[in-house]
There are 2 protein chains.
Amino acid sequence: MARGRKPLPPDASRRSDLLRAAARLFVEKGFDATTTRDIAEAVGMRAGSPFYHFRSKQELLKAAMIGGLEAGAERLRAACADIADPEARLRAMVRAHLGNLLENECPAPMLLGETRALEAADRAEIAAAFDRYQHPWQTTLDALAASGKLASSAPPVRLLLFGMLNWTPQWYRSDGPLTLDQLAAACVELLLGQPPDRSVSG
Amino acid sequence: MARGRKPLPPDASRRSDLLRAAARLFVEKGFDATTTRDIAEAVGMRAGSPFYHFRSKQELLKAAMIGGLEAGAERLRAACADIADPEARLRAMVRAHLGNLLENECPAPMLLGETRALEAADRAEIAAAFDRYQHPWQTTLDALAASGKLASSAPPVRLLLFGMLNWTPQWYRSDGPLTLDQLAAACVELLLGQPPDRSVSG
DNA sequence: TAATTAACCAATCACTTGCTTGCTTAATTA
DNA sequence: TAATTAAGCAAGCAAGTGATTGGTTAATTA
């Protein structure tokens with residue numbers, strides 16, 4: 001009952017070390033191709049020790065996904081909290097989401113593809129966390145549609161947008177010709193139509 | 001030298017049976033989670049027999065990917081070969097690509113994510129096959145940009161479009177409220193701006 | 001008919017996997 | 001100081017893994 005006074009007793013830091021290492025490896029090599037030995041080695045433990053902190057490999061995946069999604073959702077909220085204009089707001093959200101995907105060491109959204117490694121009950125929890133992540137997007141898209149900047153904000157639009165963004169890790173290289181800000185701008189431009197000062201000729 | 005007269009000697013049909021089953025299972029459960037025993041069982045063979053037709057599990061994946069990509073590229077060419085108008089052409093290509101992804105029993109593009117299971121040399125071959133698949137897209141996008149219907153056809157545009165489409169298997173259900181034709185239309189509308197008869201009010 | 005080959009099976013090998021068990025050490029608490 | 005607990009290590013198990021081997025069968029060819 002009266003447990004857990006201290007916010008981060010030294011043990012919890014090792015636990016989150018494991019989570020970070022696992023998330024990184026799962027993204028790099030995939031869930032199945034990552035062994036619990038890999039994860040242990042990545043944090044300087046022996047093969048069996050992670051099982052002191054987590055009951056199973058699946059539990060590690062689940063915790064990494066939910067934790068990463070919540071952290072990402074928090075960054076997303078912070079990035080667009082006080083932006084009223086829907087277009088600027090969308091730009092900020094796209095940029096924040098790309099950041100979550102591409103410049104974070106634990107890109108949780110990329111783990112979504114590994115959900116099939118989990119059981120139905122766990123999948124439901126993941127789905128709930130992902131819904132919380134998606135919610136602010138629909139709000140913003142609705143606002144854009146209402147102001148006429150977007151033709152429609154029906155569900156497929158949000159899903160297509162997510163696809164556009166979530167696929168970027170397949171091809172984007174941070175040492176390439178495109179900064180994340182430029183990429184975010186390109187996305188929004190593609191969605192909303194013309195670039196800043198161009199009018200359709202025809 | 002003078003081998004292979006007959007187009008499909010009875011043996012080759014078993015080989016392609018294996019390819020089809022492997023592709024389906026790889027997409028369903030992932031490369032690592034699919035055992036060679038699963039594949040053998042799916043075509044009614046015993047555990048060791050697939051290795052008579054393929055040297056390794058990796059070779060099965062590689063052959064399935066390249067074969068699937070070539071077949072998909074062919075369908076793509078057939079779908080848009082004689083369409084001159086760039087917008088109609090894009091719509092046809094999007095529809096064909098969605099077909100390749102969502103209504104084909106061997107959705108090769110979905111296997112692209114499993115490329116990391118292959119060695120560098122094999123990956124290069126896959127990349128070449130994928131380039132052949134991508135080429136007609138860039139041509140069409142350039143035509144759309146030239147006619148002013150698209151703000152830009154720079155490389156990120158093609159990649160973002162592919163993301164939009166390639167992510168659909170994550171959420172699209174063929175028994176859902178959206179037909180593939182409607183989805184294709186929604187994609188094109190999102191890319192090119194207004195729906196058929198709507199003018200921006202503002 | 002005899003020789004050859006394609007296609008497959010049965011058995012098994014060498015290895016890896018997730019996970020468990022029993023023990024040790026260091027810190028915390030009484 | 002004594003008792004307890006958190007944290008981890010060393011070793012290994014049982015189940016599975018991709019792949020190999022040697023043989024069998026039916027069809028094809030000479």
Side-chain angles (χ1 to χ4, degrees), chain A residues 1-23 25-26 28-65 111 114 116-119 122, chain B residues 1-23 25-26 28-65 111 114 116-119 122:
Chain A
M1 289 297 189
R3 288 293 194 73
R5 246 12 120 53
K6 304 170 188 176
L8 268 187
D11 57 279
S13 96
R14 297 297 282 157
R15 189 187 143 98
S16 67
D17 284 350
L18 279 171
L19 278 177
R20 258 202 311 279
L25 287 168
F26 288 159
E28 259 177 39
K29 321 200 301 173
F31 178 76
D32 291 304
T34 302
T35 70
T36 56
R37 285 169 171 81
D38 291 339
I39 300 170
E41 193 184 12
V43 299
M45 283 181 186
R46 306 291 160 146
S49 301
F51 293 92
Y52 172 79
H53 299 271
F54 296 91
R55 218 165 314 168
S56 69
K57 191 189 176 189
Q58 271 91 352
E59 192 182 289
L60 243 168
L61 173 60
K62 180 179 147 189
M65 290 183 70
L111 286 174
E114 308 283 1
R116 59 183 162 196
L118 299 176
E119 324 240 326
D122 295 327
Chain B
M1 286 293 187
R3 288 292 195 76
R5 252 355 132 56
K6 305 171 186 175
L8 266 187
D11 57 281
S13 96
R14 296 299 282 158
R15 190 186 143 97
S16 67
D17 284 350
L18 280 170
L19 279 177
R20 259 202 311 279
L25 287 168
F26 288 160
E28 257 176 41
K29 324 200 298 173
F31 178 76
D32 290 304
T34 302
T35 70
T36 56
R37 285 170 171 82
D38 291 339
I39 300 171
E41 193 184 12
V43 300
M45 283 182 187
R46 305 292 160 151
S49 301
F51 293 93
Y52 172 81
H53 299 271
F54 296 91
R55 220 165 315 169
S56 69
K57 191 188 175 189
Q58 271 91 353
E59 194 182 288
L60 244 168
L61 173 61
K62 179 180 149 190
M65 290 182 69
L111 286 173
E114 308 284 1
R116 60 184 161 195
L118 300 176
E119 326 240 324
D122 294 328

Return the value, rounded to whole Å, for the distance between atom [atom1] of [X] and atom [atom2] of [N].
| X | N | atom1 | atom2 | answer |
| --- | --- | --- | --- | --- |
| B/Arg37 | C/dA10 | CZ | P | 13 Å |
| A/Asp32 | C/dG18 | CG | P | 9 Å |
| A/Phe51 | D/dC13 | CZ | C1' | 14 Å |
| A/Arg15 | D/dG8 | CZ | P | 12 Å |
| A/Lys57 | C/dT20 | NZ | C1' | 17 Å |
| A/Tyr52 | D/dA10 | OH | C1' | 18 Å |
| A/Leu61 | C/dG18 | CG | P | 12 Å |
| B/Leu18 | C/dA6 | CG | P | 17 Å |

Each stem that DNA chain D is part of, given as range with range (3 or more consecutive Watson-Crick or G-U pairs, under 3.5 Å):
C:4-30 with D:1-27
Pairwise side-chain contact, [X] with [Y], heavy-atom cut-off 4.5 Å (strictly under):
| X | Y | answer |
| --- | --- | --- |
| B/His53 | B/Arg14 | yes |
| A/Phe31 | A/Leu111 | no |
| A/Leu18 | A/Met45 | yes |
| A/Leu19 | A/Phe54 | yes |

Approximate separation, where rounding is to 0.5 Å, of A/Leu25 CG and A/Arg20 CZ:
12.5 Å
Interatomic distance, CZ@A/Arg15 vs CG@A/Leu60, rounded to 0.5 Å, equals 8.0 Å
Starting the side chain at C-beta, find the nucleotide from C/dT17, D/dT17, D/dG8 nearest to A/Thr35.
C/dT17
Can you list every pair that meets side-chain hydrogen bond (donor to acceptor under 3.5 Å, both in side chains) and has a residue in residues 38-47 of chain A, with sequence neighbours left out?
A/Lys29-A/Asp38, A/Thr35-A/Asp38
Taking all atoms of both residues into account, what is the closest heavy-atom pair of A/Phe51 and A/Ser56, and its distance?
CE2-CA, 4.2 Å
A/Ala47 to A/Ala40 - nearest heavy-atom pair and separation
CA-CB, 4.2 Å
When you measure from every atom of DNA chain D, which of residues 38-47 of chain B have a heavy atom less than 4.0 Å away?
none
Side-chain N or O of B/His53 less than 4.0 angstrom from OP1 or OP2 on C/dC8?
yes
